[in-house]
Amino acid sequence: MACTDYHIILETEKNNTAELSSWVFRLYLRIHLLLRFFYTKTFIWLFSLSPCIVFAFIFGPDSYLFLLFAHFVYWEFFGRDKYHELFDEQNEDAVELDLTIQALRELKKERNKQSTPIKDQN
């Protein structure tokens, strides 16, 4: 079960990233953003298109139009509904990833404030 309490996620990520360097922290944030991309409709659409692309390379350019039409029919009648069933934006994992990314961005702002010295204005 996913944890959807922002403050718990923030404290957990604060503890997890306390010892990380800035470079590793940015990489950690980018990995979470990549994981979040895997829950988007665009990724699922591209993933479902990949078998059509493979078959197009096997059977040659004459089959491109047929395979694109086959993918369109598949997506309209099966793929979109399956996406909403499995990977909808309200999926617990997607919500938890969104909250984690939000917490990591807040921690990144805190790190940036700590790393930049405040100049005296005289």
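Since the structure is predicted, the reported quantities are computational estimates derived from the model, not experimental observations. Just so you know, residue 1 is the first one in the sequence shown, and it goes up from there.
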Nearest 0.5 angstrom please: Y64 OH to F57 CZ, how far?
5.5 Å
According to a hydrophobic-cluster definition based on side-chain heavy atoms being under 4.5 Å apart (Ile, Leu, Val, Met, Phe, Trp, Tyr only), do Y83 and F43 belong together?
yes
Find the distance between CZ (F77) and CZ (F72) and round it off to the nearest 0.5 Å.
7.5 Å
Per the side chain to side chain contact (heavy atoms under 4.5 Å, CB included) rule, which among D93, I31, L97 passes with R36?
L97
Hydrophobic clusters here meaning ILVMFWY residues chained together by side-chain heavy-atom distances under 4.5 Å, can you tell me if I58 and F66 are in one?
yes
With rounding to the nearest 0.5 angstrom, report the OG to CG distance, S22 to L27.
12.5 Å
Hey, are the side chains of L67 and I53 touching, using non-hydrogen atoms and a 4.5 Å cut-off?
no
Side chains of R30 and L34: closer than 4.5 Å at any heavy-atom pair?
no
L99 and E13, any side-chain heavy atoms less than 4.5 Å apart
no
Check whether any side-chain heavy atom of T100 lies under 4.5 Å from a side-chain heavy atom of E96, and answer yes or no.
yes
Nearest atoms (heavy-atom pairs only) where A56 meets S63
CA-OG, 3.9 Å
L104 reachable from V95 in the ILVMFWY side-chain graph, under 4.5 Å edges
yes
Can you confirm whether W75 sits close enough to I44 that some side-chain heavy atom of one is under 4.5 Å from a side-chain heavy atom of the other?
yes
To the closest 0.5 Å, what do you measure between CZ (R26) and OG (S21)?
8.0 Å
Do L35 and Y39 share a hydrophobic cluster (ILVMFWY, side-chain heavy atoms under 4.5 Å, transitive)?
yes
Tell me, do K108 and N112 make a side-chain contact under 4.5 Å, heavy atoms counted?
yes
Which distance, rounded to the nearest 0.5 Å, do you find between the CD1 of I9 and the CD of E106?
12.0 Å
First locate atom CZ of R111, then atom CG of L20, and finally report the distance between them rounded to the nearest 0.5 Å.
6.0 Å
How about R80 and E76: do any of their side-chain heavy atoms sit closer than 4.5 Å?
yes
When you group the ILVMFWY residues by side-chain heavy-atom contacts below 4.5 Å and let the links chain together, are Y6 and L107 in the same group?
yes
Could you label the plane-to-plane angle of the F55 and F59 rings as parallel, tilted or perpendicular, counting under 30° as parallel and over 60° as perpendicular?
parallel
